[in-house]
Structure formats: C-alpha cells, structure tokens
2 protein chains.
Amino acid sequence: MVTINDIAKLSGVSRTTVSRVLNNSGYVSEKAKKRVLEVIKETGYVPSEQAKSLRTKKSKVIGVILPKISTETSSRVVDGIDRELSNHGYHILLANANLDTDKEIEHFKLLQSRRVDGIILVATNIEDRLIQTIKDVNVPVVALGQDVPGVSSVLYDDYHAAFDVTSLFIKRGHKRIGFIGVDETDRAVGYERKKAYFDAMEKARLNVDPAWVQKGVFDIESGEKAMLTMLADSKEAPTAIFAVTDRLAIGAMQALKKKGIKIPEEMSVMGIGASDLSKYVTPSLSTVDYYNEKAGTETAKLMIEHIKNITEMTRKLSMSYGLIIRDSLL
Amino acid sequence: MVTINDIAKLSGVSRTTVSRVLNNSGYVSEKAKKRVLEVIKETGYVPSEQAKSLRTKKSKVIGVILPKISTETSSRVVDGIDRELSNHGYHILLANANLDTDKEIEHFKLLQSRRVDGIILVATNIEDRLIQTIKDVNVPVVALGQDVPGVSSVLYDDYHAAFDVTSLFIKRGHKRIGFIGVDETDRAVGYERKKAYFDAMEKARLNVDPAWVQKGVFDIESGEKAMLTMLADSKEAPTAIFAVTDRLAIGAMQALKKKGIKIPEEMSVMGIGASDLSKYVTPSLSTVDYYNEKAGTETAKLMIEHIKNITEMTRKLSMSYGLIIRDSLL
DNA sequence: AAATAATGTGTAATCGATTCCATAACGTGT
DNA sequence: ACACGTTATGGAATCGATTACACATTATTT
C-alpha cells in the first residue's frame, strides 16, 4: 500500500508538502502541486483515513444501532440517515442489537472503541442500564423513536397519532372499538398508544370491555391470535379494531377473513406504520404514515449539529404524521 | 479520552505490559495483570481500534455497497451478512450506491481510504469501468447477485429459477404465457430470466406473441403499466403471467383487478422474490424464494475465507431456490 | 534601500496502539 | 558454581497521516 511518504519521495518534496496539496491548505507552489498530483495519479495513492483520524480525532463515521436490521422501519430510517450523513462526508457503521439490551450496551462500547464521531440509537425499550451506558459514553448520542432522558431525541407523536386513530373511528360512529397493542415496556408503541386509546374512549364516554384490549408481539401471527382471542372472549364483538402496528392489523385482518367477518362492512381496521404491505392487502389498510425516512434525516441533522457543537443542549424533536384513509375503514 | 499511556502510568507499568494484558499475550505477572485490569475498570478505558488498525493493518470492518438501502432484498441480505460477520468480530460500513455506477465506483475509493478489510458488492449492473475499479482495489471483493468476472461471487440461479417458473405454467396446461421483465443491462434479472423464459417456451414448442413480452423498472406501478400494455397490444391475451420480480407481479395483479380479470381463474400470476408482500396480497402470489439472508451469510463466509487466505482462487457459489405455490396459480 | 509582509518548504513531534529486542531475576540440572 | 531456559518487564521503533514552528526566499511598502 502506497503511503504519503512514498508520494513525498517520488515527487521530491517533503511529507508536509504532500499533506498540504492533499488538504489544499497553506502555501504550495504551482510546480510542486502539479508534480505531487501527477505522482498521486500514477501510483493510485489513497490517503489513509485511519491515520488521519488518529491524528485529527475525527473519524467521520457515525455508529447506528438498530433493534433489528431487516424491518421496513429500520431500512427506511437508515436510508434517511444515510441520505443526510453522506452529504457531510460521514459513513454509517452498522450495529444490530437484535432486540437484546445486552447487545445494545455492548455495541456502545464497540462503537466507542472504533472512535465513531457519534452514535444514533434507533430505540425500543429503554432500561436504566442503557441510560447509564449512554451517559458514560463520551460521544454525542441521538435517539430515534423513544424519549431517552438526557439525550437528544427525534420522536414520533405516538400519543396524538393513536388518539387521532381512535377518534376517527368514533367520529365515524363506532362505539365498540377494540385495541391490539404490545408490551408497555416499549414506552412509545406499547404505553403511549394504549394510553391515547383509553383517553380517546373516555373522552367520548365510551365503555371498554377488557376483552377488547389484546396484546401481540410485532408480527402478523400474533395479530391474528390477538384478534381471535378478542372475538372469543368478548360478550359483544367490537365494530372496529385499532392495532398499534400494520403487521398486527394485517394479522387481525387475516383472522377476520378466516372467521368470515367482512372488512370493512362488519369490522373496520386501522394500523400504524404506512408499510408497503398496508397498501396492497385486500382491502387496503388504513394507517398512519410516520415518515420514517424523514425522521432518519432529521436525526442525522441533529447529530451533525451536535458534532459541530451548534446545538449544545439536549433537544427533543417531535415528528408530524399523516393519516392514510383506505378501504379497511367504514 | 484515556489512552494506553494513562493506564500504564496509573498502574505503574509500561505501555508494553498494558498491551500484553489487553491481548493476553507474552508474559505478565498475576500482580501486574490484576493492577492493570483494576485501573482499566476504574477509568473506563476503551482501547482505540483506530490506533490498533494503523499498526496491525487490519480494521475488522467490511464495506458493503448496496444498490439501494431501503428494499426488502437489501435488508435481508445485510441481515445475513451481519449475522455471519459479527460472529468474527467484524463490523459493517454501509455504502449506498443508489443505483448509480458513478457512486458505486466512488464508494470503492472511499471504502479503500477507510482501509476496510474487504468489500462486499451487492450488484446490479456490471459495467466495464466497475470491473476495472474492482481490479484496482487491493482488498478482497466478493459480489452478490451478479457474476462479476474475476471476482468471487455468490449467485442466484436466475436461469433455472425462471425456467422452472415458466415450465410450471406449461405443466399446468398454459399455452399463452406473458412475461414482464426488466432491462437486460441487468444481466441476472433482465437477461438470464428472460432467456430462460424463451428457452422454456421454445422447448415446449409454444409460440410467443411479441406483445406478451413487456418491460418494467422494479416497481409496482411499472408492473401495472406493463400489464395494461400487454392486454391492449396482444391479439389473444395470455392465460398466465411471469413477472421477474414480486413487485412487478403485484403491479400486474393490480392491473388485472382493475380490468376485472379474475386471478387465478382467468389469469395465473407468478413472481420472484418471496417478498412479504407476496404472502399477503389477495390472492396470495406464487413466487420463488431466493433465500436472501442465506445468500448474505454465504457471501460473508466467502469474504472471511478470502481474508484469511483460506480461499485463494476466485470462487462462484450458486444458491439454491424454492418455488412457493400459492393462490395466484391455476 | 531598509523594513515588513507574503510565500514556499522542511524538521520533528504527535496521535494510540503493537512488537522486536534487550535486560534482569530466578529456578534448576549438571 | 556455571550455563541455560523460563518468566517478567521496559525501551524504542513503527504504522500514516497532521501541524506547530523555524527558516528561507521573494514581493511589497514606505
């Protein structure tokens, strides 16, 4: 591998001068510059970012910790992050936590050892030891999707989105509305969305049969199961189902189809996520677009502001959302 | 940031000894080791992989160049790659080419400047200047999805998969079979699959009306458009449609639904990809599973073999595939 | 013409690790 | 008592860049 020293020797100048033309800084004569550039081209020399980083203490790499790589949300978010970061010469170092807090914590250490300039945490469950880890880390951290105390975060407006969905059902005349959620340790998806559902119901003075409130685990199968239990356990079946994710909603739809219950005539369904799936299932699923890609770019922007010390304080950015009304809704 | 020198000073030993306990190599007394580990714990010292890399010439980072981040195929593949690489202590540095060969080439340079230990290219169109770039790069390169001359590649068996799909239609009694492809500059998806279609038709002595052969661009809309043109232009409509990707197939299905043509009674449809979508559209789409995640891990394994110099020669690995028969097929 | 500013270049220290080599203490077989 | 192998430790070079500083040389100002 050819180094700056080789270039210096071959072009008959010092290392310093080569560095100067590389970064075009300081004074360099046209003649020297031309010669150096020639040699660089001839040799195919590529400066080592590694060595540069060691000296300058900037790696131009951002670590991104994902709860899971292969999900639609993750890939949209990463797409958004990359779009913004690449404009500023940053690269993404990927870290997959695979829904395991221990791994998440381990990744913070690993990313730190690689001297990334910042860490973006696409968050799910926020435990205390995670928060402690983040505090101990000495690079900027920005969270996406969950409100992490003391950390700048880009947040989806889970409460209002869920409130709007429930309210939409109510406005359309539904009185018995079922809910399929996830565990409340997931504060954003589990707790906030559920709270909003109950608040909206209460505000409209609507009763909630406990059997109408079910729980799943982020996949289609569990949505199907939740729907079946709801149908079996409730004295009077709901006329509308709010599932906190599209996959749960689609699972619910599967169950309804199998039971011969017509959507939307006998049962309206809504989800959250605006997944590709939601658009092409039959009937097409009404949902909420969280603009994941935009959330990604906003997170990246916030990160860059932190790195450049434009933003000193921890900031909380709330994303907007958009209801998408399709055929699953009466 | 605390360094190895700080640890050395604080524990009253030399840098060398600290390094020894870090890598547990060479001779270190129990006493010294204990002291050093204490100090490391107290200070929260994390060794700089950067400095280490500079010295050892190994970064333990693999660059992954993707044609597009936010696609189901990409995220599955990356998931598989990460699964294998993380077992060996490697991290992934992401690079998004965004379907642009210039960017692809640029990324090779950038990844090289970061001194990655290897580059995995998830490939689409292979142009000559790309091949030249790969030759100039001095780290192992492994390609996935396209056969790159002189480069170890993990390949999908596009020809046989497409041949099998067409043959399946034929076996079920279809005589008029339509084809929706993509541009042939994409050798694997465009050229190979089309060739297989024609070969299978010819082998069965079936005629192909030129209007039955249409072209799209990887998204659902273009599949819809291709289907409409086919319907409009052909004297006699086909009874089966083979689209080279699931999205194109789903687009075709959309078009058929709008035209009131029943699937599968009046028209059978098949795609390739085993996307999530294929499972949940109505009727469910028959397709071919390419086992993308497995392809990813295989690619990573091959990369590691190259890095460790277990495999010197360029190797070509052909993946298997599986037909998934669902309701879209009569 | 002298003083001052601008331009051009190189020397050497530095970033944070690894690693070769030298040195020393200690046990042990002869 | 001597030689030798084992254990333990540190000094110093090294990886490939940046950068503070010193020193010429040339141009500009007064």
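A note on names: the letters A, B, ... follow the listed sequences, proteins ahead of strands, and every chain is numbered from 1.
- Sorted by residue number, the list of members of residues 27-35 of chain A with any non-hydrogen atom under 4.0 Å from DNA chain D is empty.
- For residues 87-97 of chain A, the side-chain hydrogen bond (donor to acceptor under 3.5 Å, both in side chains) pairs, not counting sequence neighbours, are H91(A)-R114(B).
- In this model, the phosphate group of dT9(D) is not approached by any side-chain N or O of T17(B) to a distance below 4.0 Å at OP1 or OP2.
- A search for ring pair (Phe, Tyr, Trp, His ring centres under 6.0 Å) contacts involving F108(A) returns nothing, not counting sequence neighbours.
- Listed by chain and residue number, I65(A), E104(A) satisfy the side chain to side chain contact (heavy atoms under 4.5 Å, CB included) test with A97(A) (two or more places apart in sequence, or in another chain).
- Screening residues 12-34 of chain B for salt bridge (charged side-chain N to carboxylate O under 4.0 Å, His left out) gives K34(B)-E38(B) as the qualifying pairs, with residues at least two apart or on separate chains.
- Not counting sequence neighbours, the partners of L10(B) by the side chain to side chain contact (heavy atoms under 4.5 Å, CB included) test are V39(B), T43(B).
- An OP1 or OP2 oxygen of dG10(C) is reached within less than 4.0 angstrom by a side-chain nitrogen or oxygen of S14(A).
- Bending across the helix from dA1(C)-dT30(D) to dT30(C)-dA1(D), expressed as the angle between its end axes from five pairs apiece, amounts to 40° (10° rounding).
- If you check residues 1-13 of chain A against DNA chain D, the residues with a heavy atom closer than 4.0 Å are T3(A), I4(A), listed by number.
- With no hydrogens or angles considered, no side-chain donor-acceptor pair links D128(A) and Q132(A) at under 3.5 Å.
- Under the rule for a side chain to side chain contact (heavy atoms under 4.5 Å, CB included), the partners of D102(A) that lie at least two apart in sequence or sit in another chain are D100(A), R129(A).
- Sorted by first and then second residue, the side-chain hydrogen bond (donor to acceptor under 3.5 Å, both in side chains) pairs involving residues 53-64 of chain B (not counting sequence neighbours) are S59(B)-D117(B).
- With sequence neighbours left out, the salt bridge (Lys or Arg N to Asp or Glu O under 4.0 Å) criterion links D186(A) to no other residue.
- For D183(A), the salt bridge (Lys or Arg N to Asp or Glu O under 4.0 Å) criterion is met by K215(A), not counting sequence neighbours.
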